[in-house]
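Keep in mind the model is a prediction, meaning the values are calculated, not measured.
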Amino acid sequence: MGILSCAAVFSDHMVLQRGKNINVWGMAYDGWEVEVSIGGKTVKAVTEKHKWAAVLPPMEAGGPYEMTVSSNGETITFTDVMIGEVWLAGGQSNMELELQNSLNAEEVMKSIKDVNVRFYYTKKNSYIDEFFYADERNGGWAKAAPDTVRAWSAVGYYFAKKLSEDLGVTVGVIGCNWGGTSASAWMSKELLCSDSDTKSYVDEYDEAMAGKTFEEYCAELDDYNAYVAVWQPKINEFYEKNPTGEWGDALAYAGPCRYPEPLGPKSPFRAGGVYETMLKRVMPYTLAGFIYYQGESDDHKPQMYYKLLKMLIEQWRSDWKDDTLPFIFVQLPMHINRGEEDRKHWCLIREAQMRVHRTTANTGLAVALDCGEYGNIHPLDKQPVGERLELQALYHVYHKISADKAYGAVYKAAEYTDNGMLLSFDYAEDGFEVKGEKPLGFEIAGVDKKYFPAEVEIKGNKLLVSSKEVKTPVYARYNWVNYGEVTVFSKNGLPLAPFRTDRNA
């Protein structure tokens, strides 16, 4: 490799964002003038502090093109470059879950033909060393084909496939996710420390490393990895023999779970960790927006999630220098481990996600309440999740459909009546449909906040909830559980979003 280079996210087969200025950057010697050319357009930039950054003018969708980057007799050429729509797919394991591990994977992958989608897999390295840079250079954009899509984000793939079909352009996805990560891992430590609540994530790291040398930490990490190398196959063996087995029985068979790994400089779970080693490696690649699926790993601090997610959106938009960049995310589905007590903390995460959506401009929320699996934190059917994200994009970003096609019903207001509470909703003009014998998951309470199951009567596009146990209802809520049956849907097939009528109830 010569002195001139581009960031690793630029490669053959890449997709560049249509209709916006296109950021291109890399490294060279100070003072070198770098020329970037594509589709008859040429721009120049001068290298300072070994870095250069050029901005190509907006282009219409099309291709394939050839893009060249030249300076001081060196030229880098990228081929098969398309201009289309580019989205970054961020989050943790449910965004990370690979197509090859999703529902009907082999059938889906074999059927891939003429799918106008491309993918860049941001390397999952949590520590910057010599291996980090070498591994990063081994990556690159790939076109959709049966032999290339196996490790792609399943959610990202289904989102992009449907979007490409509806828009008629190439769609590129930058996968940037890591299982088990808190939102705090995808933000800068400086921003986290700016707030007394979110600073706790940084404090936890500092406490974990207090009085510990780097070598001591590495020894702990080696011991952990050696333990997991023996423990994980035992866990897998247990569930192969007992598909419906409970977690406690699995631990009795395999031994204690020592997850997560020790918190330290190499941990992807540390505050600001993968923000430094992954997200910053692809910013500010010009995007149409972000899709995001995360929240599971912040369920130990659910009351903080509203603030944390708002800060993350602010951070990412600031880093991309676009305060209006669309951010579309998934509301967590139903989940509980087998034999686990329902602590109702995922309800708070879902509520925080809805609040962020309703209070933050240019956001979309894909309600996925019905997309969970009992006993499986990684539900395998990712197609509806990806396609619901795409519906949000079609409405909020591309203005191709109306809101009532992008959303299921969302709670709006309550009217107190002699025989219960009459609930009204946004996006419910066509009324509701019930899957099963009757609507389930509704509860009401009086001033004492003691909830009882409610009977539900559908009144056109409203719901009347009542209970013989509550003479004067004051509060109502729906599916305020970590896991439960989802029975109420809008006529467009999208589920009613979970809610409570008062956050203090």
Side-chain angles (χ1 to χ4, degrees), residues 1-88 118-143 148 170 172-176 274-288 319-322:
M1 186 174 68
I3 303 301
L4 176 67
S5 68
C6 289
V9 70
F10 298 95
S11 77
D12 295 340
H13 314 302
M14 64 183 160
V15 184
L16 301 176
Q17 177 61 40
R18 65 171 174 170
K20 290 186 175 183
N21 289 336
I22 300 169
N23 298 318
V24 186
W25 70 96
M27 300 185 71
Y29 279 143
D30 284 1
W32 279 22
E33 184 178 75
V34 179
E35 184 177 278
V36 181
S37 298
I38 183 173
K41 302 179 185 296
T42 298
V43 295
K44 297 180 180 180
V46 176
T47 306
E48 297 182 32
K49 296 181 180 180
H50 304 296
K51 297 179 181 180
W52 59 267
V55 180
L56 288 161
M59 299 179 65
E60 295 182 0
Y65 293 100
E66 184 177 274
M67 187 172 88
T68 60
V69 179
S70 304
S71 183
N72 279 39
E74 294 187 27
T75 298
I76 302 170
T77 301
F78 300 112
T79 61
D80 189 33
V81 178
M82 298 298 293
I83 310 297
E85 293 294 305
V86 184
W87 287 78
L88 185 141
R118 302 182 179 196
F119 193 89
Y120 177 80
Y121 197 110
T122 307
K123 292 288 187 174
K124 291 182 173 68
N125 292 312
S126 60
Y127 185 68
I128 298 179
D129 55 12
E130 290 184 2
F131 169 81
F132 176 94
Y133 295 107
D135 189 47
E136 187 177 56
R137 287 292 167 189
N138 287 329
W141 285 83
K143 301 165 69 172
T148 64
T170 305
V173 174
I174 298 175
C176 192
V274 285
Y275 172 79
E276 292 289 338
T277 65
M278 293 182 68
L279 194 68
K280 288 183 75 171
R281 306 304 296 176
V282 296
M283 71 171 65
Y285 197 94
T286 305
L287 304 173
D319 288 334
W320 263 264
K321 296 180 173 57
D322 185 350

### Message
So Leu88 and Leu279, do their side chains get closer than 4.5 Å, heavy atoms only?
### Response
yes
### Message
Nearest 0.5 angstrom please: Met82 CE to Arg18 CZ, how far?
### Response
11.5 Å
### Query
What are the two closest non-hydrogen atoms of Gln17 and Val86, and how far apart are they?
OE1-N, 2.8 Å
### Message
Could you measure the distance from the OG1 atom of Thr170 to the NE2 atom of His13? Nearest 0.5 Å is fine.
### Response
13.0 Å
### Query
Are any of the side-chain heavy atoms of Ile22 and Pro58 separated by less than 4.5 Å?
no
### Task
Would you mind reporting whether Cys6 and Phe78 have side-chain heavy atoms less than 4.5 Å apart?
yes
#### Entry: Under 3.5 Å donor-acceptor, Asp30 side chain and His50 backbone
yes
### Task
For the residue pair Ser5 and Arg137, establish whether any side-chain heavy-atom pair is separated by less than 4.5 Å.
yes
### Query
Side chain of Asp80, backbone of Pro64: donor and acceptor closer than 3.5 Å?
no
### Query
Taking the side chain as C-beta and beyond, is there a heavy-atom pair between Trp25 and Val34 under 4.5 Å?
no
## Note on the structure
Of all heavy-atom pairs linking Ala45 and Ala53, the shortest is CB-O, 3.3 Å
### Message
For Glu48, is the CD atom crowded, meaning more than 12 foreign heavy atoms sit under 6.0 Å from it?
### Response
no
### Message
Counting C-beta onward and ignoring hydrogens, is there a side-chain heavy-atom pair between Lys123 and Arg281 closer than 4.5 Å?
### Response
no
### Query
Which pair of heavy atoms, one from Thr47 and one from Ala28, lies closest together, and at what distance?
CG2-O, 3.3 Å
### Where Ala54 and Val43 come nearest, the two heavy atoms and their spacing
CB-CG2, 3.9 Å
### Task
May I ask you to decide if Met278's main-chain N or O and Thr122's side chain share a donor-acceptor pair within less than 3.5 Å?
no
### Query
Any donor-acceptor pair under 3.5 Å linking the side chain of Glu74 with the backbone of Leu4?
yes
#### Entry: Any Tyr65 side-chain heavy atom under 4.5 Å of Lys41 side chain
no
### Query
Taking all atoms of both residues into account, what is the closest heavy-atom pair of Ile83 and Met59, and its distance?
CG2-O, 3.9 Å
### Main-chain N/O of Thr68 paired with Ser37 side-chain donor or acceptor, under 3.5 Å
no
#### Entry: Side-chain heavy-atom pair Phe132, Ser126 within 4.5 angstrom cut-off
no
### Message
Applying the side-chain contact (heavy atoms from CB on, under 4.5 Å) criterion to Arg118, which one of Thr148, Ile174, Val15, Val173 satisfies it?
### Response
Val15
### Message
For Thr42 and Val36: C-alpha separation, side-chain torsions, deciding distance, then whether side chain to side chain contact (heavy atoms under 4.5 Å, CB included) applies.
### Response
CA-CA 6 Å; Thr42 298; Val36 181; over 6 Å; no
### Query
Between the main-chain N or O of Ser70 and the side-chain N or O of Glu35, is there a donor-acceptor pair closer than 3.5 Å?
no
### Query
What pair of heavy atoms forms the shortest contact from Trp320 to Leu287, and how long is it?
NE1-CD1, 3.5 Å
### Query
Does Thr286 use its side chain to pair, donor to acceptor, with the backbone of Asn21 at less than 3.5 Å?
yes
### Message
Looking at Phe10, is its backbone amide N or carbonyl O close enough to the side chain of Trp141 to form a donor-acceptor pair, meaning the two atoms are under 3.5 Å apart?
### Response
no
### Message
I'd like to know if the side chain of Thr277 and the backbone of Asn125 have a donor-acceptor N/O pair within less than 3.5 Å.
### Response
yes
